[in-house]
Amino acid sequence: MLLARLAQVSREVAAISARSRKTALLAELFREAEAADVPVVIPYLAGRLPQGRIGVGWKVLARPVEPATEPTLTVREVDVRLTRLAAVSGAGSQAERTRLVGELMGAATADEQRFLVGLLTGEVRQGALDAAAVEGLAAATGAPPADVRRAVMLAGSLQTVAEALLADGPDALERFRLTVGRPVLPMLAHSASSVAEAVGRLGAAAAVEEKLDGIRVQVHRNGDAVRLYTRTLDDITDRLPEVTAAALALPGERFILDGEVISFDEGGRPRSFQETAGRVGSRTDVATAARAVPVSVVFFDALCVDGRDLLDLPLTERHAELARLVPEPARVRRTLVRGPAETGAAEEFLAETLKRGHEGVVVKGLDAVYSAGRRGASWLKVKPVHTLDLVVLAAEWGHGRRTGKLSNLHLGARTADGSFAMLGKTFKGMTDALLTWQTGRLRELAVEEHGWGVTVRPELVVEIAYDGLQRSTRYPAGVTLRFARVLRYREDKRPEEADTVDALLATHPEAAP
DNA sequence: TTCCGACAGTGGGGTCGCAAT
DNA sequence: ATTGCGACCCCACTATCGGAA
């Protein structure tokens, strides 16, 4: 199959909005593909490379290459070239990668170049990724979509399921069962603005669990063999010997547990997310990193115990299995509420959790099964939200559906001398109407136009929600906002009334530089 | 030889609009 | 009405390469 055909379908998929039509177009393409093309065509149309990221980013792709006039590249040839690219390493590798990318782009037509750039940067922007590819695959093979989705979650890989399905038909799906040693996409949580809202939305008995601000980890143990996986199923076993040891110390031989890796200081208080994440990210000298920032694992769910698949059991039963296996300190603290009438107890638990230095709570329906790979409606996280009145210093032009709109705002707080110190940026929380309004307003205030956007007179006050402060080497105050988003503009406020850096630092003494 | 800047890839994420249910 | 998905982009951190000191 020619790459040109994929590029064409991707363009068509992007141009229509009906999801059913997107699925139909993908299904048609999957049916056309020869067996040998499938391991490439499926991931490409889901917007990812079979090789994963291969060390090619915007910088290398920014060099313009004269496109070919006729499409000649086949998807398999592209795959071979990218495999070769992924293998390049060591001295001179950057130049070699650039050369190989240039060669590939030179063999591609303009349309194919656009598709390849999207694929290599992970930004295909066709409004259809994994979920659409799963639906398309189901439609192409006649397998029930729900079964295909489940197999993908259990295999942790769309590609594997696609190959089996196209080779052996719908019966192949039965092969994908929960297996110790093979990672499963983890269940994720939605947000709620308060404990009362969360408990109310569940409307039934719920567990309220502490939410630790660390790195999600899935722990597999089969006898003496332990493997650790991240949220995206990367194998991080070698980086976390403490977690492996903890798993081996448990009184079970074959299990899969879900938990959080986090570092506690000598006093038992959680270290900042930055410290934990830095430790988990350290690969080259694990022993030194482990001495400086030792980590613990705290479990909150059991997917498999004694080789028994627990995914379809209610949380109550999974937790009973977890409690049987994992002693108290290595299990998240939790409390139970029987329903909305007991919201008070949940609020009290949240307050205690925050006092211990944790991030918030997750409220979970006790009857809910483990929805692997989904953002289940039965897990609701609740974190305290802070707000600030900040001043817009500049704004950047948006992309995609925000093309032509000033989107990403540069946010400043007042300093002692009356100037403004930038604290970070945000593009979140804006409706289309707000984008339109702020584009007009900011152009009125513009003092300088740049390729990337405009700088403005610091006059417009905006109310910003954020989750906390992080240390920063990038911004002048030495801190930046975590997860900043727009709540509303405060045209009733003058910039002199905006919040100050000093007040902000006083509110978060633990993050102050 | 050592240092440092640039780039890539990882982790953490909230909110909106739209299609489908 | 509600749910699921994709798009919109942020932050810090580590690893690596390649050129400067």
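Chain letters run A, B, ... following the sequence lines, proteins first, then strands; residues in each count from 1.
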Using a 4.0 Å heavy-atom cut-off, does [X] contact any base of the nucleic acid, only the sugar-phosphate backbone, or nothing at all?
X	value
A:Ile54	sugar-phosphate
A:Lys383	sugar-phosphate
A:Ala91	sugar-phosphate
A:Glu123	nothing
A:Gly52	nothing
A:Asp432	sugar-phosphate
A:Ala132	sugar-phosphate
A:Arg485	sugar-phosphate
A:Ala131	sugar-phosphate
A:Lys381	sugar-phosphate
A:Val56	sugar-phosphate
A:Val280	nothing
A:Thr431	sugar-phosphate

Would A:Glu209 and A:Lys364 count as a salt bridge (charged side-chain N to carboxylate O under 4.0 Å, His left out) if you check the C-alpha gap in whole Å, the side-chain angles of each, and the deciding distance to 0.1 Å?
CA-CA 8 Å; A:Glu209 300 182 347; A:Lys364 299 179 177 178; 2.7 Å; yes

Report the distance from atom CG of A:Leu233 to atom C1' of B:dT10, rounded to the nearest whole Å.
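The answer, rounded to whole Å, is 14 Å.
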
Length of the line joining A:Lys59:NZ and B:dA8:C1', which is rounded to integer Å:
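It is 13 Å, rounded to the nearest whole Å.
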
For [N] and [X] - does any side-chain N or O of the residue sit under 4.0 Å from the phosphate oxygens OP1/OP2?
X	N	value
A:Arg401	C:dG6	no
A:Lys211	B:dG13	yes
A:Gln274	C:dC13	yes
A:Ser191	B:dT15	no
A:Arg231	B:dG12	yes

Most 5' of A:Thr284 and A:Lys425 on DNA chain C, judged by nearest nucleotide:
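Closest to the 5' end, via its nearest nucleotide, is A:Lys425.
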
Which residue lies more 5' along DNA chain C, comparing A:Phe483 with A:Arg375 via nearest heavy atoms:
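Its nearest nucleotide lies further toward 5', so the answer is A:Arg375.
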
Residue pair A:Ser194 / A:Glu197, side-chain donor-acceptor N/O under 3.5 Å:
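Note: A:Ser194 and A:Glu197 side chains miss the donor-acceptor criterion.
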
Distance-only polar pair, side chains of A:Ser263 and A:Glu275, donor-acceptor under 3.5 Å:
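The criterion, which ignores hydrogens and geometry beyond distance, is not satisfied for A:Glu275 and A:Ser263.
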
Of the candidate nucleotides B:dG12, B:dA20, B:dG13, which contains the atom at the shortest distance from the side chain of A:Lys428?
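Nucleotide nearest to A:Lys428's side chain: B:dG13.
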
Which base, if any, makes a Watson-Crick or G-U wobble pair with B:dC7, both distances under 3.5 Å?
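Answer to the pairing question: none, since B:dC7 forms no Watson-Crick or G-U pair.
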
Just say parallel, tilted or perpendicular for the rings of A:His410 and A:Trp452, cut-offs at 30° and 60°.
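Aromatic pair A:His410/A:Trp452 classed parallel.
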
Which heavy atom of [X] sits nearest to which heavy atom of [Y], and what is that distance?
X	Y	result
A:Ala155	A:Phe176	CB-CD2, 3.6 Å
A:Arg488	A:Val462	O-CG2, 3.5 Å
A:Ala128	A:Gln126	O-NE2, 2.8 Å

Residues of residues 474-481 of chain A with any non-hydrogen atom less than 4.0 angstrom from an atom of DNA chain C: list those, numerically ordered, please.
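Within residues 474-481 of chain A, the residues near DNA chain C are A:Arg474, A:Tyr475, A:Thr480.
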
Above 12 or not: heavy atoms from other molecules or residues under 6.0 Å from NE2 of A:His399?
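Counting other residues, nucleotides and ligands, NE2 of A:His399 stays at 12 neighbours or fewer.
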
Applying the salt bridge (Lys or Arg N to Asp or Glu O under 4.0 Å) criterion to A:Asp432, which one of A:Lys405, A:Arg401, A:Arg402 satisfies it?
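Going through A:Lys405, A:Arg401, A:Arg402 one by one, the salt bridge (Lys or Arg N to Asp or Glu O under 4.0 Å) with A:Asp432 is satisfied by A:Arg401 alone.
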
Most 5' of A:Arg21 and A:Met430 on DNA chain B, judged by nearest nucleotide:
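It is A:Met430, whose closest nucleotide lies nearer the 5' terminus.
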
Here's a test of your reading of the structure: between A:Phe427 and A:Asp234, which maps to the more 5' nucleotide of DNA chain B?
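On the 5' side of the pair lies A:Asp234.
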
